[in-house]
**Student:** 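Quick one: this structure, given as structure tokens, is what I'll be asking you about.
Along the sequence shown, the residues carry numbers beginning at 1. Note that ligands are numbered from 1 as they come in the structure, with each ligand's atoms numbered from 1 the same way. Computed from a predicted structure; not experimentally measured.
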Amino acid sequence: MFDVLVCGAGPAGSALAWRLARAGLHVAIADAGRPPRRKPCGESLNPGAAAAVIRLAGAKPDSRSDGSDGRSPADQRLGAFLREQTQPLEGWVLHSGGVALEARYPNGWSGWACRREVLDEWLLQGALAAGAELLADCRILSVREHADGCEAAAVREGVQAKLLAKYVAGADGLRSAVARSAGLQAAPGPLRKLALTARISGLHGLNVLVELHLERGSVIGIAPLQGGAANATLALSSAEAARIAPSLRRRPEALLRSLLQSPKLGERAADAMLESEVLACGPFDFPVRQAHSGRVLLVGDAAGYYDPLTGQGIYRALRGAELAAQRLLLAAVEGPPALQGYSEQLRKEFAAGSMLQRWIEYGAARPALFRTALRGLKLTGSAQRLAALVGDCRVRTI
Ligand SMILES: Cc1cc2nc3c(=O)[nH]c(=O)nc-3n(C[C@H](O)[C@H](O)[C@H](O)COP(=O)(O)OP(=O)(O)OC[C@H]3O[C@@H](n4cnc5c(N)ncnc54)[C@H](O)[C@@H]3O)c2cc1C
């Protein structure tokens, strides 16, 4: 029997397994696929997420610098990863109908852009090196609790399997099978957005800022990646998604056309070429009633998701994994009552970000109001405060 069965090898699952295995628990990570895999994502880690990776790795905040003068192995490992695989991000710039708002993260905070399969693989390898066991091609179907543990029904390499664990962590993303089978899911929310995402080359004028171009209810996000490429993500509002749904079958054309038609990107995108297939996904609005029950807890997108616009999902996955690890380590000693209060803790931790996401979503659907708000932020010099909020510049070290 495992101490903890972690379902899902995304950032939430790998970060949680890494922490638990390092603390000496017997941990398995079951993933429905064979990691690493591409995941539809804007591929930018906000400063809060970057700080959480540094804490997870047990490294120093300045790990990017390459001085090898007596650096710890953790610093060297993270330093190599950052230098070779990530692009620093210092803030974002938002364009909407001729108004531009640039917001830099406050002093000393920065984020990174990183290809998701590279990030996910790095986190997974950290968990495996700490002693976690990977069960690849193992889809969890349901979880049943009994007095002294949980039984998960799974299909592993095409064969029905049963996995026993004292505790189960559902880190299995948006449409979490663990949340569903533990009765934790709420009814899906009203937002029915869709997104198309791909890597492109040949986009001119990239720098250290994530770009957001808001036009006619849709948003194009651009994140500069290592090696001169960029992540381009087109998120369509519910109404826009319904309107252009028929043409979405031709994803590459739909994505490139929207880049070329954007007033601020058009000329810069004249030489843009797709570097990867175009992934489509949505909708995203999947709340949960609560994030734990008995011996089961949820983390990352499985614990409730609303919208990708503010780019806070990886932060939530990694910060949620810290909180979940604290609870599970306590539960290993004190039993299931240690999980009580976890849902409330998560809710409080992410309350400000969740409210902000809803305000931004409300405004983004009303362009005139949105532009007035942007002008107001510019006039009052509040852009950096907003950047700090959206960037989750809160917990630097623990
Ligand atoms: C279009 C888009 C753009 C985004 N852009 C950003 C961004 O720029 N920055 C940011 O911070 N966030 C962004 N996000 C959000 C971010 O991608 C997610 O919040 C993050 O991936 C959550 O990590 P996770 O580990 O919870 O879930 P996931 O990354 O989804 O990982 C879940 C894992 O569980 C596995 N799994 C699923 N079902 C099962 C099962 N039944 N059994 C076993 N395994 C299973 C999957 O194979 C997967 O490996 C974006 C999201 C979208 C949709």
Side-chain angles (χ1 to χ4, degrees), residues 5-17 28-50 52-53 89 92 111-114 116-117 119-121 123-124 134-143 152-156 163 168-181 193-198 210 212 219-223 225 231-236 278-286 298-321 324 353 357 390-392:
L5 172 65
V6 178
C7 306
S14 290
L16 176 59
I29 316 175
D31 197 279
R34 289 204 167 271
R37 42 111 233 188
R38 267 195 72 205
K39 146 96 176 72
C41 186
E43 305 191 305
S44 60
L45 280 78
N46 74 9
V53 172
L89 295 174
W92 42 260
W112 316 317
C114 180
R116 268 302 294 270
E117 66 276 23
L119 174 74
D120 287 18
E121 176 67 3
L123 292 171
L124 176 61
L134 174 65
L135 312 176
D137 195 2
C138 181
R139 178 173 291 281
I140 303 299
L141 303 175
S142 63
V143 177
V155 175
R156 190 174 177 197
L163 303 167
V168 169
D172 48 343
L174 270 187
R175 291 163 186 78
S176 165
V178 176
R180 192 176 53 242
S181 102
K193 287 185 164 186
L194 291 177
L196 298 179
T197 181
V210 171
L212 294 167
V219 182
I220 302 170
I222 303 286
L225 295 169
N231 174 295
T233 296
L234 168 66
L236 300 159
V278 179
L279 303 178
C281 59
F284 314 111
D285 187 3
F286 287 96
L298 306 175
V299 65
D301 285 4
Y305 193 72
Y306 180 60
D307 186 50
L309 184 59
T310 55
Q312 294 172 294
I314 301 172
Y315 167 74
R316 284 178 174 229
L318 298 174
R319 179 71 184 135
Q357 285 184 357
V390 177
D392 292 303

**Student:** Heavy atom under 4.0 Å from ligand 1: found in Lys39's side chain, backbone, both, or neither?
**Tutor:** side chain
**Student:** Report the residues that fulfil side-chain hydrogen bond (donor to acceptor under 3.5 Å, both in side chains) with Arg175, sequence neighbours left out, ordered by chain and then residue number.
**Tutor:**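 Residues passing side-chain hydrogen bond (donor to acceptor under 3.5 Å, both in side chains) with Arg175: none at all.
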**Student:** Please report which non-hydrogen protein atom sits nearest to atom 2 (C) of ligand 1, along with the residue it belongs to and the distance in Å to one decimal place.
**Tutor:** Pro308 CB, 3.7 Å
**Student:** Regarding atom 10 (C) of ligand 1: of the candidates Gly13, Gly8, Ser44, which has the closest heavy atom?
**Tutor:** Ser44
**Student:** So which heavy atom in the protein is nearest atom 27 (O) of ligand 1, and how far is it from that ligand atom?
**Tutor:**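 So the nearest neighbour among protein heavy atoms is Gly173 CA, 3.8 Å.
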**Student:** Counting only heavy atoms, tell me which of Asp31, Ile314, Asp172 gets closest to atom 11 (O) of ligand 1.
**Tutor:**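 Shortest heavy-atom distance from atom 11 (O) of ligand 1: Ile314.
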**Student:** If we set the cut-off at 4.0 Å for heavy atoms, which region of Ala30 has an atom near ligand 1: side chain, backbone, both, or neither?
**Tutor:** backbone
**Student:** Taking atom CD1 of Ile29 and atom SG of Cys138, what is their separation to the nearest 0.5 Å?
**Tutor:** 12.0 Å
**Student:** Give a yes or no on whether the backbone of Ala223 and the side-chain of Asn231 come within a donor-acceptor separation of less than 3.5 Å.
**Tutor:** no
**Student:** Measuring from non-hydrogen atoms of Arg116 to any atom of ligand 1, is the shortest distance under 4.0 Å?
**Tutor:**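 It does, in that a heavy atom of Arg116 comes within the 4.0 Å cut-off of ligand 1.
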**Student:** Would you compute the distance between atom CD of Glu121 and atom CG of Leu119 and round it to the nearest 0.5 angstrom?
**Tutor:** 10.5 Å
**Student:** In terms of residue, atom name and distance, what is the protein heavy atom nearest to atom 51 (C) of ligand 1?
**Tutor:** Tyr305 OH, 3.5 Å
**Student:** Which ligand 1 atoms does Pro40 reach within 4.0 Å, using its non-hydrogen atoms?
**Tutor:**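 Atoms satisfying the 4.0 Å criterion: 2 (C), 51 (C), 52 (C), 53 (C).
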**Student:** Tell me, do Leu163 and Leu135 make a side-chain contact under 4.5 Å, heavy atoms counted?
**Tutor:**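 Leu163 reaches Leu135 side chain to side chain.
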**Student:** Is there a side-chain contact between Pro36 and Arg116 in this structure, where contact means two heavy atoms from C-beta onward sitting under 4.5 Å apart?
**Tutor:**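 No, their side chains stay 4.5 Å or more apart.
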**Student:** Could you tell me the residue and atom name of the protein heavy atom closest to atom 25 (O) of ligand 1, and the distance to it rounded to 0.1 Å?
**Tutor:**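 Among all protein heavy atoms, the one nearest atom 25 (O) of ligand 1 is Ala12 N, 2.9 Å.
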**Student:** Measure the distances from the heavy atoms of Cys138 to every atom of ligand 1 and state whether one is below 4.0 angstrom.
**Tutor:** yes
**Student:** If you measure from atom 31 (O) of ligand 1 to every heavy atom of Gly10, Gly313, Ala49, which option wins on shortest distance?
**Tutor:**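 Of the listed residues, Gly10 has the closest heavy atom.
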**Student:** I want to check something: taking the side chain as every heavy atom from C-beta on, are Ser14 and Asp120 in contact at a cut-off of under 4.5 Å?
**Tutor:**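 No - every pair of side-chain heavy atoms lies 4.5 Å or more apart.
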**Student:** Give the single entry among Cys7, Ala15, Ala32, Pro11 that approaches atom 44 (N) of ligand 1 most closely by any heavy atom.
**Tutor:**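 Among Cys7, Ala15, Ala32, Pro11, the closest heavy atom to atom 44 (N) of ligand 1 comes from Ala32.
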**Student:** Would you mind listing which atoms of ligand 1 come within a distance below 4.0 Å of any non-hydrogen atom of Gly311?
**Tutor:**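 Near Gly311, the atoms of ligand 1 are 7 (C), 9 (N), 10 (C), 11 (O).
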**Student:** Counting from 1, what ligand 1 atoms have a heavy atom of Ala195 closer than 4.0 Å?
**Tutor:**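 Those of ligand 1 that fall under 4.0 Å from Ala195 are 1 (C).
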**Student:** According to side-chain hydrogen bond (donor to acceptor under 3.5 Å, both in side chains), who are the partners of Asp285, at least two apart in sequence or on a separate chain?
**Tutor:**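 So Asp285 forms no side-chain hydrogen bond (donor to acceptor under 3.5 Å, both in side chains) with any residue.
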**Student:** Are Asn46 and Val390 packed together at the side-chain level, in the sense that at least one heavy-atom pair is separated by less than 4.5 angstrom?
**Tutor:** no
**Student:** May I ask whether Arg37 places a heavy atom under 4.0 Å from ligand 1?
**Tutor:**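 Within the 4.0 Å threshold, so yes.
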**Student:** Between Asp31 and Leu124, is any pair of side-chain heavy atoms under 4.5 Å apart?
**Tutor:**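 The answer is no, as the side chains (C-beta and beyond) never meet within the 4.5 Å cut-off.
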**Student:** Does the side chain of Leu236 reach to within under 4.5 Å of the side chain of Leu234, using non-hydrogen atoms?
**Tutor:** yes
**Student:** Looking only at protein heavy atoms, which one is nearest to atom 13 (C) of ligand 1, and what is the separation?
**Tutor:**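 Here the closest protein heavy atom is Cys41 SG, 3.6 Å.
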**Student:** Note the single closest protein heavy atom to atom 32 (C) of ligand 1, along with its residue, its atom name and the distance in Å.
**Tutor:**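 Going atom by atom, the protein heavy atom closest to atom 32 (C) of ligand 1 ends up being Ala171 O, 3.5 Å.
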**Student:** Using a strict 4.0 Å cut-off to heavy atoms of Phe284, name the atoms of ligand 1 that fall inside it.
**Tutor:** 53 (C)
**Student:** Is any side-chain heavy atom of Asp392 less than 4.5 Å from a side-chain heavy atom of Arg319?
**Tutor:**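 Asp392 vs Arg319: side chains apart.
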**Student:** With atoms numbered from 1 as shown, which atoms in ligand 1 lie under 4.0 angstrom from a non-hydrogen atom of Gly300?
**Tutor:**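 Checking each atom against Gly300, I get 26 (O).
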**Student:** If you define the side chain from C-beta out and look only at heavy atoms, does anything of Trp112 sit under 4.5 Å from Val53?
**Tutor:**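 Yes; the side chains approach each other to less than 4.5 Å.
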**Student:** Looking only at protein heavy atoms, which one is nearest to atom 22 (C) of ligand 1, and how far off is it?
**Tutor:** Asp301 OD1, 3.2 Å
**Student:** Measure the distance from atom 3 (C) of ligand 1 to every protein heavy atom, then report the residue, atom name and distance (to 0.1 Å) of the closest one.
**Tutor:** Gly42 N, 3.2 Å
**Student:** Does Thr233 use its side chain to pair, donor to acceptor, with the backbone of Thr197 at less than 3.5 Å?
**Tutor:** no
**Student:** Return yes or no for this condition: an N or O of Ile140 is under 3.5 Å from an N or O of ligand 1.
**Tutor:**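 Indeed, backbone or side chain, Ile140 has an N or O that close.
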